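These figures come from a predicted structure and were not determined experimentally. In each ligand, atom 1 is the first atom listed, and ligand 1 is the first ligand listed.
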Amino acid sequence: MARVGFIGFGRMGKALMGGFLAKGLIKKDDVIAYDKDISIMKNAGVSTKYSAFEVVEASDAVFICVKPQDMEDVLEEIRDIAGSRLIVSVAAGVSTGRIEERLHEARVIRVMPNAPALINEMAGAFCLGKRALPEDGAYVGGLLNSVGVAYQVDEGLMDAVTGLSGSGPAYVYYMINSFIEAGKSVGLPDDVALNLTLQTVRGAVNMIIASKRDPVDLIEDVASPGGTTIEGLKALDDGKVDEAIMEAVRCAANRSRELGK
Ligand SMILES: NC(=O)c1ccc[n+]([C@@H]2O[C@H](COP(=O)([O-])OP(=O)(O)OC[C@H]3O[C@@H](n4cnc5c(N)ncnc54)[C@H](OP(=O)(O)O)[C@@H]3O)[C@@H](O)[C@H]2O)c1
């Protein structure tokens, strides 16, 4: 797929393109972008066009990276030029069916990225519309895995992905904030509480990855009977933190389902 277009070149559009370029999966000369915001266009650093229509006309594959509420305008504008091109949408909650209804022949792929895509640490997923070919999935999967991790799933699971990894960074920020506040409440200076928390979270994530062990086994390693950690774990159990996390993911997935209707 030689020429790759971007309609909407804000945070996500730029981040995706940056990752694809950095991994050498696309060439800068083959990128074409359009954003409604003129200041973004002035600093795009790639070839730009004056409309979404022109981007599609000049591209083999097009990433639409606008907010969900701007999708209808974009689809209306590119309806007569999209043809059978590969159209990749990152708009949350917009189904492939809705895009296929507007673009009658396009091969459509829908992506649910998450905020850390902005630093090449995405956890996300994508699904294929009914006209997308397996090789389209392989192509887009290859691109997305250059900015993190992306799984191909059935479209019915996109709401679940939204509930877990789409909304997940906010839950992790929430928990990190609680740890920092807790550290301060037991007497640590602000910067010490912050940096010990961040390194503890990073260390724990890297332990799971490096050891390839189940988190439950790793808990057992550090929770010796009569020790300190087991007391803390009891408090988490008493507070039903596991149930609250289940509920958070379930509520976000349900909301995603509602918004997509
Ligand atoms: N950022 C994230 O963490 C994240 C995570 C998951 C999914 N997403 C999805 O990614 C998509 C983009 O999000 P974002 O954070 O990159 O938003 P953003 O930074 O606001 O970028 C979107 C850009 O699209 C432009 N735009 C709007 N309508 C347009 C049109 N008709 N033609 C061309 N450009 C148009 C906007 O311009 P104006 O500002 O002038 O309207 C804006 O510059 C959203 O659908 C969102 O659901 C984002």
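Against a heavy-atom cut-off of under 4.0 Å, V74 is close to the following atoms of ligand 1: 30 (C), 31 (N). Per-residue contacts place A115 under 4.0 angstrom from the following atoms of ligand 1 (heavy atoms of the residue considered): 3 (O). Interface atoms of ligand 1 facing A91, defined by a heavy-atom separation under 4.0 Å, are 45 (O). Within ligand 1, the atoms closer than 4.0 Å to a non-hydrogen atom of D35 are 23 (C), 24 (O), 25 (C), 33 (C), 34 (N), 36 (C), 37 (O), 42 (C), 43 (O), numbered from 1 in the order shown. Atoms of ligand 1 found under 4.0 Å from any heavy atom of I40, numbered from 1 in the order shown, are 43 (O).
Looking from atom 9 (C) of ligand 1 to the surrounding protein, the closest heavy atom is V90 O, 3.2 Å. Considering only non-hydrogen protein atoms, atom 44 (C) of ligand 1 sits nearest to V66 O, 3.2 Å. For atom 33 (C) of ligand 1, the closest non-hydrogen atom on the protein side is Y34 CE2, 3.4 Å. If you check which protein heavy atom lies closest to atom 34 (N) of ligand 1, you get K36 N, 3.2 Å. Shortest contact from atom 16 (O) of ligand 1 to any protein heavy atom: M12 N, 2.7 Å. The protein non-hydrogen atom at the shortest distance from atom 27 (C) of ligand 1 is D70 OD2, 3.3 Å. The protein atom (non-hydrogen) at minimum distance from atom 21 (O) of ligand 1 is G10 CA, 3.3 Å. Among all non-hydrogen protein atoms, the one lying nearest atom 20 (O) of ligand 1 is K67 CE, 3.7 Å.
Nearest to atom 19 (O) of ligand 1 by heavy-atom distance, out of M122, E72, R11, is R11.
Within 6.0 Å of NZ in K184 there are more than 12 heavy atoms belonging to other residues, nucleotides or ligands. More than 12 heavy atoms of other shown residues, nucleotides or ligands fall within 6.0 angstrom of atom CE in M175. Counting non-hydrogen atoms of neighbouring residues, nucleotides and ligands closer than 6.0 angstrom, the OH atom of Y151 reaches no more than 12 such neighbours. Atom CD1 of I38 is surrounded by 12 or fewer heavy atoms from other residues, nucleotides or ligands within 6.0 Å.
Salt-bridge check for E100 with K130: passed, with a basic side-chain N closer than 4.0 Å to an acidic carboxylate O. Ionic pairing of R102 and E72 is present here: one or more N-O contacts between side-chain nitrogen and carboxylate oxygen are shorter than 4.0 angstrom.
Proximity of A117 to ligand 1, defined as any heavy-atom pair under 4.0 Å, is not found for any part of the residue.
Looking only at distances, a side-chain donor or acceptor of R107 sits under 3.5 Å from a matching main-chain atom of S84. A distance-only check finds a donor-acceptor pair linking the side chain of D35 to the backbone of F9 [under 3.5 Å].
Tested against F126 for a side-chain contact (heavy atoms from CB on, under 4.5 Å), the candidates V161, I109, L143 yield a single pass: I109. Of the listed residues (L16, I7, D70), just one forms a side-chain contact (heavy atoms from CB on, under 4.5 Å) with C65, and that residue is L16.
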Give the C-alpha distance, both sets of side-chain angles, the deciding distance and a yes or no for side chain to side chain donor-acceptor pair (under 3.5 Å) between T228 and E231. CA-CA 5 Å; T228 57; E231 285 305 307; over 6 Å; no

Can you check side chain to side chain donor-acceptor pair (under 3.5 Å) on S95 and E155, steps first, answer last? CA-CA 8 Å; S95 69; E155 188 149 19; 4.8 Å; no

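On a distance-only criterion, F9 and ligand 1 share no N/O pair closer than 3.5 Å. Between A92 and ligand 1, an N or O atom pair is found at a separation short of 3.5 Å.
The protein does not reach atom 39 (O) of ligand 1 closely, with no heavy atom under 4.0 angstrom from it.
Judged by the shortest distance from any of its heavy atoms, P113 lies inside the 4.0 Å radius around the atoms of ligand 1. Within the 4.0 Å heavy-atom cutoff, M112 counts among the residues contacting ligand 1. Heavy atoms of C65 come nearer than 4.0 angstrom to ligand 1 in at least one pair.
Taking the six-membered ring for Trp, F63 and F20 have ring centres closer than 6.0 Å.
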